[in-house]
Amino acid sequence: MDTSVNEETRDERRRNWRDIDLRAVAPFAALILLLILGALVNPNFIGLNNLANVATRSAFIAIIAIGATFVISSGDLDLSVGAMVAFVASLMILFMNSGVIADPALMLTAAVLFAVVAGSLCGLANGLITTVGRIEPFIATLGTMGIYRGLTTWLSQGGAITLKDPALQEIYRPAYFGSILGIPVPIVVILAVTCVAAFILYRTRYGRHVVAVGSNADVARYSGIPVNRVRTIAFVIQGLCVAIAVLLYVPRLGSTSATTGILWELQAITAVVVGGTALKGGAGRVWGTICGAFILELVGNIMLLSNFISEYLIGAIQGTIIIVAMLVQRSLVRKS
Amino acid sequence: MSSQTSGAGDGAVVLSARRISKSFNGVQVLFSVDFDLRAGEIHALMGENGAGKSTLVKILSGFEQPTSGEITLDGHAVTLPPNGAAEALGIVIIHQEFNLAEHLTVTESLFLGREVTRFGVLDRKFMRAETRRVLDLLGSHVDENAMISSLSIADKQMVEIAKAISRDARVVFMDEPTAVLSREETNFLFKQVRKLRDQGTSFVFVSHKLDEVMELTDRVTVLRDGQWIKTSPTSILDGESIAQLMVGRELSKLYPAKREPNVDEEIVLSVDALSTGYVKDVTFNVRKGEILGFSGMIGSGRTELMEAIAGLRSRASGEVIIRGATVPSGDVHAANRQGLAYMTKDRKSKGLLLNSRMTANLTLQSLENHGKLGYLSPASEAQALERARRRFDIRVRDGNVVAGRMSGGNQQKLLLAKVMETEPEIIIIDEPTRGIDVGTKQQIYHFISALARDGRSIIVVSSEMPEVIGLCTRVAVMREGRIVGMLEGDEISEQEIMRYAAGLKKKAAA
Ligand SMILES: Nc1ncnc2c1ncn2[C@@H]1O[C@H](COP(=O)(O)OP(=O)(O)OP(=O)(O)O)[C@@H](O)[C@H]1O
Ligand SMILES: [Mg+2]
């Protein structure tokens, strides 16, 4: 009797061990490998300071990629995020420069709200064009990418848009350069956004709907899920994440130009794919995405610290990473 | 010997399995199974849902490799090549779940991988003609140029069959080929199968339809829980004894006693002059606690009508009224909110998320019952799963398996459970027992009957005549998009339904 019980639990355990999805583990394994590689290349690399720096710098892509995880899980794609960053950031700075509110603290609060609304509206536009307009998301967001980028260029008249008021600059600075309990603010924001996103995706009705719509829109429809609303909301979440990234971006540089956020869509999508989310939809991995964003930044950092490869090749390396990640994903799918 | 219809009994053994075992992720599903297939025989493979029939069939056609055991072909041990390459050895399979690429035409799918060329160019004309010939043999009217994605499930099944029998195979495995076919289509299929059998081709026929097994096959092998139970000539068995071998116990009556509904009960659903593209001017009522059947040939518009009622399709004209309130056209939510649920017959592409686990599928349609403000409670969902597994006898060896890897019948049970989770007042069930074994069929019939006693109203759409006759107190017969007859009480019989369905008799809809 006793032995049979033992037998069973052992069997359970063995099964659980096998159950671990290689796809979920792969990005973290890659991260550890990179850390080891980095430590071999340069002993300074593994230092807490350097790693915290890397994490801080990954914040923009990480946060945008969290939004992309929702869009991609629901079976869509958003190519406009880089242009959206430039557009929303420009609007926000112009708003702060307008001086409609005299008190700097009040002004900042209003500007934050303004950016959040602007980001969400940009996302909503993408969502409505794809769902109501029934245009392939690839094409729809390629179009809005041109629009957001073009509007930015027009707003800046080809030059830069710079935050003028020194008082505002002063109180806004800590949003990027400050720290809470010794942890840099951007890292805190990444963690907060990720926790909320993971909660939504894994623990709420909406999260289930996203995955259902991404796996099979017909099944979702027959199950009474409002498919178009779910897809649109995913685009709005993406816009919201872009806005949060903007809130960190503006205090860092205090200015934008027509080239702000160029190719960030590539990096965000790469982070999502490296993190193990399937591009065809139906499975989202929020923590994997964060891991992917961190890997991208780490690779850049290692290239900088080592002298083997020119840092001008970073774009090429990132392009390679996304292709390799897809190959790995596919071979893991085949195996299971 | 040639004059004997079941003369297949003494052909040489072509393909055999010796002590075949199979495990998936450490969970064993076949236990040392032996199986012989002789030349020119039709061999039925029977067993409950999840008994391992499909798995055995896949192993014998190279789609899965056995964990242990031996396969012999013409007496020699072989390792069958994977992914359909066993076709080169003359072994083909008609999968239980369709395997057709949706974006190809019928002709392209038939010749996939063995395209015919003339001077290096595809000989489309020849391939089209050949496809037409095979489809005609099967009595199928499918257009050889149609896209697979545009076909109904029955037509897709016909294309699968056409594909298999056009390959001059020595051994053909048919995993529930008739589950979605009408009687007429089935007859055409059987005629071809018999003809090929007489020319020496061997068939393995997996089915839950006992009468078809009795009619078509020469020998029967029964599996239970992954174990071989018995192989014997079909002629010395009858439906009842096979059923007993399958479930391992005696089965009581398949259908529960009918209970005539009270004519004074309120009308919960009324459909008034509803038309869509194909469905024309359909009017009928359903009372509280009633089980209303819908019969008719495949393509008579039943599914289209039901989808229009459930809001999955918009209506051209007409009204749907639930308890006095009109349901807006093409609005699934409104219909759901008003207590109406529809269970699709197309479980693979419209019913289940094949890559998700059981729980995610089960609660997908009723997530609002599992937590507040959009938050989901895992405990509550686990309870739902427990309940569903008990109620519908969903059998899986590994609770974490994704829906697509469950046996066909268990997928069907999961789908039914999913719809029932919404606790609908009015339930439209399209083909309730597709691919379900006799034991579970009985369980589902009793469940439906209990629902009706409980005051729910049920519409059963079914191509299995006995099911409609055994279960329903009123039967609507559809033909070419219209209700051509409404039968009640003693009128409900196979002949009567057939007469209406075939257009020999017509009556103003009640
Ligand atoms: N690829 C797989 N991975 C894990 N488990 C599997 C896989 N394929 C089948 N199984 C399991 O093997 C068992 C036998 O399934 P199988 O499909 O052979 O049953 P079946 O006899 O064909 O049933 P049905 O009548 O419902 O079609 C089931 O418990 C099923 O969940
Ligand atoms: Mg099966």
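Note that this is a predicted model, so its numbers are computed, not measured. Throughout, protein chains are lettered first and strands after them, A, B, ... in sequence-line order, and every chain is numbered starting at 1.
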Exercise. With side-chain contact (heavy atoms from CB on, under 4.5 Å) as the test, would you mind laying out the steps for Ser215(A) and Leu353(B) before giving the verdict?
Key: CA-CA 7 Å; Ser215(A) 337; Leu353(B) 298 175; 3.9 Å; yes
Whatever's closer than 4.5 Å to a heavy atom in chain A on Thr363(B) counts as side chain
_Looking at Asn355(B), I want to see if its CG is surrounded by more than 12 non-hydrogen atoms of other residues, nucleotides or ligands under 6.0 Å._
no
Within residues 190-214 of chain A, contacts to chain B at heavy-atom distances under 4.5 Å involve Phe199(A), Arg203(A), Thr204(A), Arg205(A), Arg208(A), His209(A), Ala212(A)
In terms of heavy-atom pairs under 4.5 Å with chain A, the winner among Leu312(B), Thr344(B), Thr422(B) is Leu312(B)
With a 4.5 Å limit on heavy-atom distance, are the side chains of Asp218(A) and Ser349(B) in contact? no
task: May I ask you to check whether over 12 heavy atoms, not counting those of Glu102(B), lie within 6.0 Å of atom CD?
output: yes
Separation between CD (Glu307(B)) and OH (Tyr222(A)), nearest 0.5 Å, reads 3.0 Å
Counting heavy-atom pairs under 4.5 Å with chain A, the top scorer among Leu373(B), Asn361(B), Leu367(B), Leu376(B) is Leu376(B)
Is there a donor-acceptor pair closer than 3.5 Å between any side-chain N or O of Asn216(A) and the backbone N or O of Leu352(B)? no
Heavy-atom nearest pair, His333(B) first then Gly224(A), reads CE1-O, 2.7 Å
Closest non-hydrogen contact found for Val219(A) with Gly351(B) is CG1-O, 3.5 Å
Under a 4.5 Å heavy-atom criterion, the part of residues 378-388 of chain B in contact with chain A comprises Pro378(B), Glu381(B)
Open item on the list: With heavy-atom distances below 4.5 Å as the criterion, would you say the side chains of Ile225(A) and Val332(B) are in contact?
Closed with: no
